[in-house]
Each structure stands twice: as C-alpha cells, then as structure tokens.
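From a predicted model like this one, the values you see are computed outputs, not experimental measurements.
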Amino acid sequence: MVTWNNLDTLSSFKELLNVERVNLAEAMSGENGAERVRKYSVPMAEGLAYNFGAKQVDDKVLNALAKLAEEAQLTEKYEALYNGEMINTGEKRLVLHQLTRGQLGEAVVADGVDKRAFYVEQQTKIAEFANKVHAGEITNAAGEKFTTVVQIGIGGSDLGPRAMYLALENWAKANDTFKMRAEFISNVDPDDAAGVLNRIDVAHSIFVLVSKSGTTLETLTNESFVKDALEKAGLDPSKHMIAVTSETSPLAKSDDYLAAFFMDDYIGGRYSSTSAVGGAVLSLAFGPEVFARFLEGAAAEDVLAKEKDLLKNPAMLDALIGVYERNVLGYQNTAVLPYSQALSRFPAHLQQLDMESNGKSVNRFGEPVDYPTGPVIFGEPGTNGQHSFYQLLHQGTDIVPLQFVGFKSNQAGMDVVIQGSTSQQKLCANVAAQIVAFACGKDDENRNKKFEGGRPSSIIIGDQLTPESLGALLSHFENKVMFQGFVWNLNSFDQEGVQLGKVLAKRVLAHETDGALKVYSDLLNI
C-alpha cells in the first residue's frame, strides 16, 4: 500500500543526514577522478547516458539514497500514477502525460473513455491533417500551400513546444524532413504578436490556437490580434486557424477554425509537449513521422523510470541527488547548461516544468512543510554562458549544482577545422574542461585568481540530438521532477501560485481597484 509522508519523517532521510560528506575536489583529482567518471555513469534510452562522476556523492551516499527511494515508495507511486490513480490531489485529477506516448501499465479509463486510445486518436487526426497540408490538399483561399505555422499559446502551450521545435529545426533541415517554418506568439505584450506578424507572410500561414479552457486571456487576446491582421489583409481567419483545446471548451465545435484537436484535464500545460499541444505544431513543422519518433524516445525513457534499482533508473537517481543537494547540502539553485545551440530554449522550459511543479511550501494535504523544496532553475547554452554568469558559478559565494547536456556530433553536418580542431570539438572540449574546473578548482597565491572547486555537476551525453534522444531527454526531466515531488510529498501537478495575479489583473482591467493596486494602475496609465 502506498503511503504519503513528509521527507523529514522518513528514517532513511535522517540516516542520509549523517552520511559522511564527499570532498569533491579531492575525489575528482588525478586517477581517482578518472575512476569516478568511468564508474558513475548510468545508461539512458536512445543512446544517452547520465554521468554523475562530478557530483558530491559516493557509494555510501548512493546506498542511503537507495534506502530513501525504497522508503518513500518512489517506483510504487510512479506505478500508481501511470495506472490512473488520482495523483493531482489539488485539482482531483489523474496525471496522464506518459499515456500520450505509450502504455506503461493497466488500461486507464476516465470519463468512460480509454485514455490511451483517446490520445492515439488525436495524434492520428493531427497526422492526417498535417499530411493534407503538406500535400496541398488543405490550402489557403487562393489554393496555395501554407508555408508557415504559428502557435498562439502561453506557459506550457508555448515553452515546451517552442523548445522542442528549436531543438529539431536544424536536424530536420539536415535530414530533409523540414516541412514548414514555425513561429510562436505567447506574450500579451502587443509587440510580441506584431513582431511575428511583421516577419511572416500571413496569406501562407496557418495559426494554431492552444487553450485547454478556451478562455485564457492572453491567448484569446493574441488570437484577436491575429484575426485582425488577417482581416486587414483581406483574408478569412477561419480558413487560417486551427484549435487545440478540450472537448468541452467553446472552441471545440466552432466554425472559426479549420479543425480542432483535443487535450484533457489530465495533462498539465508544462507536461503537454507530447500531447496535441506539441503534436500539432511539430507535426506541421517536421511531419508526423518525426513527431512519432519524438514520442518513441520519451516512451523508452518512461520505461526506465519503472526500475526499482536506483542505478538503473537515471531519472530517479538524478532526482535523489538533487534532493540530497537541496535538503542535506543546502544548495538553493540548479543551473541547466546545454552545450547545444539547438537546446537554447530548453532551460526556459525546465524553469516552468520544475519551478511550477515543485515550487510549493505545503504538502499534498495542504499542510506546511518544514524543509526546502524545489530549487531555482536557470540556464543558457554553452559556450555563451561561460561569457556571462559562469563567473559567479566558479567564484561566487554560493555553490550552484550544474546539469550539463552535451552531444558528440552536431545536427547540421556542417563544420570547419580551425587551429587543428573542429567547432564541435571545441564545444565538447569546453564542456569537459568546465566540469573538471568546477570540481577541482585551482590554487593560486593571488586570491582573485583562486578557484575553490568543489562545485558539483552531472552531464547527460549523447551521440546526436535527434527526435528520439530529444524525447528521452524531455522524459528524463519530467520524471526527475515527478520523483522529487514524491520525495517532498508535494502535489507537482497543480499551480495555484499563478492564479492570484490573474484575479488581480482582472480587477485592474475592470477598474475595481483601491489602495496600492489603484496607485500602480494609475502609474501605468491603465
């Protein structure tokens, strides 16, 4: 039987607090460091590997973490989730995003519907629609092909799909699967929509409106902005727009859209990239076959998350090392540092995924917790970040755990040899150097040039960023966040923290303000 308990009530956590700490700089020096890097690596799906040799752990810490995983019943809770138990206690909902890419356990029936069959049905409809667009069977009013797809959405309807599109854009071009350019409108700031509309040909663009409820203020505002631009160009908006929404929303059966594809309440926005939310734009951009390969990679990594053995379950291992860093070592932040320009927006997606899921101070029963929970997540691609915030990471007063991602080969297949090495080799040399520099540091009589070291990092390494490896990478982080939420006894699947600002904004727009809210409204000329 699964039981839900706070972290600080678990005997294994109390044991973890007393395990001897690892001197990382010492452990990573010389041949000891080489042995650690070779030893502490766990295979992931699709040719990826999670290497944690430069983390502040050893066999004693890992044994204590394995006991914590067992006592906290992490794999049992994951099993309950994918078999359709009500894990989202705040909203009294199932959590089913894994079902969009595969069946992990029992058939899940909700609202009288087999949910796996429902998600497959939506993917099939999206694939048929995308194929017709690509074949010129669905065209603009002049009978001309659409060349651009524009996603209109915010939060999880933008961050994940945008990050996935950018991650595969160069790969698709190099592999002759690039079908349509994609753009994204998310911010209610009119300059966002105007900027996109100014750089596309609206007559040859199809717009994907994403709103589960059909009432999201920012999204509907941007839809009106786009419709106005289409009408001013002498175009019928209903011939240029599709909707991704719930079956019960006002958008579901509207004549304002060429087609509607459905999601449901069991998939949160930040977990929706493998649903119709990501499926429509990615299938239009790259073809349904590429989206299917992306789903296959995510499904393969989901299967690994079922493993009870901590050293065969990379997401759970990553999660527990993060808990150790947060709750024992006291580190408050985590930097995500992909050495891949294709993953330029991946840290932004992980910011929402992690901080919206586990940025909670009460447990799943609404009771305050007495221990730190989700860390602050930030990041930028290397090597750009090295010339930005790495100064603080190397020599600042706070130790920030680091999560690197790197690939042996680039996507585009283009490179050049300069000073005896290629650009890709220079990129990989930099990430290797950074890991060791952070861990080992450098002594110097000049204190300004001294590096203390002892700064922990992990790296996920792959051969190349492909649809399959991207899916596996996404699943890894989704499952890492899930496992950490289980350990902290949180509900990682609601987001009440975003609601208060929305309520107050509506009051401002209705001119129902007083006190400080009225003064700020006046200052901003609302």
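Looking only at distances, no side-chain donor or acceptor of Gln98 sits under 3.5 Å from a matching main-chain atom of Arg101. Panel note: side chain Asp494, backbone Glu496; no donor-acceptor pair is recorded below 3.5 Å. Panel note: side chain Ser272, backbone Gly269; a donor-acceptor pair is recorded below 3.5 Å. The main-chain N or O of Glu301 is never found under 3.5 Å from a side-chain atom of His476 such that the two would form a donor-acceptor pair. A donor-acceptor pair under 3.5 Å links the side-chain atoms of Ser275 to the main chain of Val277, judged by distance alone. Not a single donor-acceptor pair under 3.5 Å links the side chain of Gln151 to the backbone N or O of Phe184. Between the side chain of Thr9 and the main chain of Asn6, a donor-acceptor pair closer than 3.5 Å is present. No donor-acceptor pair under 3.5 Å is formed between the side chain of Ser340 and the backbone N or O of Gly406. Put simply, the side chain of Asn363 never gets that close to the backbone of Asn489: no donor and acceptor are under 3.5 Å apart. Side-chain atoms of Tyr266 do not come within 3.5 Å of backbone N or O of Arg93 as any donor-acceptor pair.
Side-chain atoms of Asp463 and Ser409, non-hydrogen and from C-beta on, never get closer than 4.5 Å to each other. Side-chain contact between Val188 and Leu217 is absent, with no heavy-atom pair separated by less than 4.5 Å. The side-chain heavy atoms of Gln484 and Arg326, taken from C-beta on, include no pair separated by under 4.5 Å. Contact annotation: the side chain of Ser157 never approaches that of Thr219 to less than 4.5 Å [non-hydrogen atoms, C-beta and beyond]. No side-chain heavy atom of Leu94 sits less than 4.5 Å from a side-chain heavy atom of Ile87. A 4.5 Å side-chain heavy-atom check between Val150 and Val226 finds every atom pair outside the cut-off. Ile154 is not listed as a side-chain neighbour of Leu159, based on a closest heavy-atom distance of 4.5 Å or more. By the 4.5 Å heavy-atom criterion applied to side chains, Leu209 and Phe207 are not counted as neighbours.
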Practice problem: Go through Phe146 and His134 one step at a time and tell me if the ring-ring contact (aromatic ring centres under 6.0 Å, His included) criterion holds. | Solution: CA-CA 8 Å; Phe146 292 110; His134 299 150; over 10 Å; no
Exercise. Dump the intermediate steps for side-chain contact (heavy atoms from CB on, under 4.5 Å) on Phe483 and Leu320, then the final yes or no.
Key: CA-CA 8 Å; Phe483 283 130; Leu320 286 166; over 6 Å; no
Practice problem: Output, in order, the C-alpha distance, side-chain angles, deciding distance and verdict of side-chain contact (heavy atoms from CB on, under 4.5 Å) for Ile321 and Glu325. | Solution: CA-CA 6 Å; Ile321 292 174; Glu325 291 171 334; 4.1 Å; yes
Exercise. With side-chain contact (heavy atoms from CB on, under 4.5 Å) as the test, would you mind laying out the steps for Phe129 and Phe261 before giving the verdict?
Key: CA-CA 10 Å; Phe129 181 86; Phe261 307 109; 3.6 Å; yes
Exercise. Just do the side-chain contact (heavy atoms from CB on, under 4.5 Å) check on Ile206 and Met180 with the steps written out, would you?
Key: CA-CA 10 Å; Ile206 191 166; Met180 300 172 69; 3.8 Å; yes
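Closest of all the heavy-atom pairs between Leu284 and Lys179 is O-CB, 3.5 Å. Shown here for Ser186 and Asp192, the closest heavy-atom pair between the two residues is N-OD2, 2.9 Å. Nearest heavy atom pair, residue His240 against residue Ser205, reads ND1-O, 2.9 Å. When all heavy atoms are compared, the tightest approach of Ser283 to Ala130 is O-CB, 3.8 Å. For the pair Met263 and Val244, the tightest heavy-atom approach, listed with the atom from each and the gap, is CE-O, 3.6 Å. The two residues Ala252 and Ser246 make their nearest non-hydrogen contact at CB-O, 3.5 Å.
The pair Glu289-Arg293 does not count as a salt bridge, with every side-chain nitrogen at least 4.0 angstrom from each carboxylate oxygen. Under the 4.0 Å criterion applied to side-chain N and carboxylate O atoms, Lys67 and Glu15 are assigned as salt-bridge partners. Between Asp8 and Lys14 there is no salt bridge, since no side-chain nitrogen of the basic residue lies less than 4.0 Å from a carboxylate oxygen of the acidic one. Looking at Glu128 and Lys132, no side-chain N of the basic residue comes within less than 4.0 Å of a carboxylate O on the acidic one, giving no salt bridge. Salt bridge Lys308/Glu76: present, at least one basic N to carboxylate O contact under 4.0 Å. Between Glu183 and Arg181 a salt bridge is recorded (basic side-chain N to carboxylate O distance below 4.0 Å).
Heavy atoms of other residues, nucleotides or ligands lying less than 6.0 angstrom from CD of Glu121 number more than 12.
Judged as a side-chain contact (heavy atoms from CB on, under 4.5 Å), and not counting sequence neighbours, the contacts of Lys306 are Tyr78, Tyr82, Leu104.
To the nearest 0.5 angstrom, Thr248 atom OG1 is 7.0 Å from Asp265 atom CG. Atom CG of Leu17 is separated from atom OH of Tyr324 by 9.0 Å, given to the nearest 0.5 angstrom. To the nearest 0.5 angstrom, Lys60 atom NZ is 13.5 Å from Leu16 atom CG. Summarising the geometry, atom CZ belonging to Arg364 is positioned 8.5 Å from atom CG belonging to Asn88; distances are rounded to the nearest 0.5 Å. Going from atom CD1 of Ile138 over to atom NZ of Lys239 covers 11.0 Å, rounded to the nearest 0.5 Å. Within the model, atoms CE of Met316 and OG1 of Thr75 stand 6.0 Å from one another, a figure rounded to the nearest 0.5 Å.
When each of Phe404, Tyr50, Phe52 is tested with Ile460 by the rule side chain to side chain contact (heavy atoms under 4.5 Å, CB included), just one qualifies, namely Tyr50.
Counting only N and O atoms by type, the side chains of Ser469 and Thr466 include a donor and acceptor under 3.5 Å apart. One side chain, Ser492 or Asn358, offers a donor N or O that lies under 3.5 Å from an acceptor on the other. Judged purely by distance below 3.5 Å, without hydrogens or angles, the side chains of Gln123 and Tyr119 never pair a donor atom with an acceptor atom. Of the N and O atoms on the side chains of Asp318 and Gln403, at least one donor lies less than 3.5 Å from an acceptor on the other residue. Donor-acceptor pairing under 3.5 Å is lacking for the side chains of Gln411 and Asn175. With 3.5 Å as the limit, one finds no donor-acceptor pair spanning the side chains of Asp256 and Ser238.
Aromatic ring orientation, Phe477 versus Phe346: perpendicular (interplanar angle above 60°, classes split at 30° and 60°). Note on ring orientation: taking the six-membered ring where Trp is involved, the planes of Tyr271 and His97 are parallel (angle under 30°, cut-offs 30° and 60°).
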Side-chain polar contacts of residues 327-338 - donor-acceptor pairs under 3.5 angstrom, sequence neighbours left out - could you list them?
from: Asn327; atom 1: OD1; to: Trp488; atom 2: NE1; distance (Å): 2.7
from: Asn327; atom 1: ND2; to: Pro372; atom 2: O; distance (Å): 2.8
from: Tyr331; atom 1: OH; to: Gln56; atom 2: OE1; distance (Å): 2.9

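Proximity of the aromatic rings of Phe407 and Tyr339 is defined here by a centroid distance below 6.0 angstrom, and this criterion is not met. Outside the 6.0 Å centre-distance limit, the rings of Phe286 and Trp171 are not counted as a close aromatic pair.
A cation-pi arrangement is present between Lys115 and Phe118 under the rule of less than 6.0 angstrom and at most 45 degrees off the ring axis.
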